Amino acid sequence: MNYWLMKTEPDECSINDIAKAGEQGVLWDGVRNYQARNFMREMTLGDQVLIYHSSCKTIGIAGIAEVCAAAFPDPMQFDSNSPYFDAKASPEKPRWDAIRLRFVAKFSNVISLEALKKVNPLAGNPLVKKGNRLSVIPFSAEEFTAVKALND
DNA sequence: GCCAACGTTGGC
DNA sequence: GCCAACGTTGGC
């Protein structure tokens, strides 16, 4: 079992949207960063994922989801009508991956970035570093537990 | 809306 | 392989 954090703009896909998707979960596509993609390829079924709302009014971790489909080629890279289209990708040589995420829990309150910066095990985590742009971040069990504890 | 930080691209 | 230019991210 691995732990991760994934960023999303809640206008695009919020923790509520994931909850509404039910058992089959949501398609997590559009990741166009190699480091983030490589992390997605390491994900296995049942991995726990903290859902982080960015670029919005209430920034922070909103809940937990789990991986319900491991990495597969992101269909949007082949769709010339999609903003995620990549002319350099082909079905024979896909470049980008997607996963699926299923709802696990919504926190009673969004755990704010300000609060996260005060969590000891998170010191040094890219999430709380200025200028960080990584949208998929691996978490240790200790980091995950410390975040989850803030919801209790 | 601003702007610092960052990743990617492309000329050389 | 370097690095300037550019586009994007993301907090404020």
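Every chain is numbered from 1, with letters handed out A, B, ... down the list of sequences. Predicted, not measured: the structure shown is a model, and the values here were computed from it.
If you measure from atom NZ of A:Lys130 to atom P of B:dC3, you get 13 Å, rounded to the nearest angstrom. Here C:dG10 presents its P atom at 4 Å from NZ of A:Lys7, a figure rounded to the nearest Å. Distance NE2 (A:His53) to C1' (C:dG10): 15 Å, rounded to an integer number of Å. A:Gln35 has its CD atom 16 Å from the C1' atom of C:dT8, to the nearest Å. The nearest whole Å value for the distance from the CD1 atom in A:Ile61 to the P atom in C:dG11 is 12 Å. Spacing between atom CG of A:Leu127 and atom C1' of C:dG10 amounts to 11 Å, rounded to whole angstrom units. The CG atom of A:Leu134 sits 18 Å away from the P atom of B:dA5 (whole-angstrom rounding). The distance between atom CD of A:Glu9 and atom C1' of C:dT8, rounded to the nearest whole Å, is 11 Å.
For residues 111-122 of chain A, proximity to DNA chain C is found at A:Leu113, A:Lys117, defined as any non-hydrogen atom under 4.0 angstrom from a strand atom.
One distance of note links CG of A:Leu45 with CD of A:Glu66; it measures 9.0 Å at 0.5 Å rounding. To the nearest 0.5 Å, the span separating CG on A:Asp97 from CG on A:Asp74 amounts to 8.0 Å.
A:Trp96 has its ring centre no less than 6.0 Å from the ring centre of A:Phe78. Ring centroid separation for the pair A:Tyr3 and A:Phe139 does not come in under the 6.0 Å cut-off.
Checked by atom type, the side-chain pair A:Asn2/A:Glu42 shows no donor-acceptor distance below 3.5 Å. Counted by atom type alone, A:Asn33 and A:Ser135 present zero donor-acceptor pairs between their side chains at under 3.5 Å.
Comparing atom distances between the A:Ile59 side chain and each of B:dG10, B:dT8, C:dG11 picks out C:dG11 as nearest. Minimum atom distance to the side chain of A:Tyr52 is reached by C:dG11, of the listed B:dG10, B:dT8, C:dG11. Checking B:dA4, B:dG10, C:dG10 against every side-chain atom of A:Ser55, the shortest atom distance belongs to C:dG10.
Take the nearest nucleotide of DNA chain B for A:Arg95 and for A:Gly131: the residue whose nucleotide is more 5' is A:Gly131.
A donor-acceptor contact shorter than 3.5 Å links the side chain of A:Gln77 to the backbone of A:Arg95.
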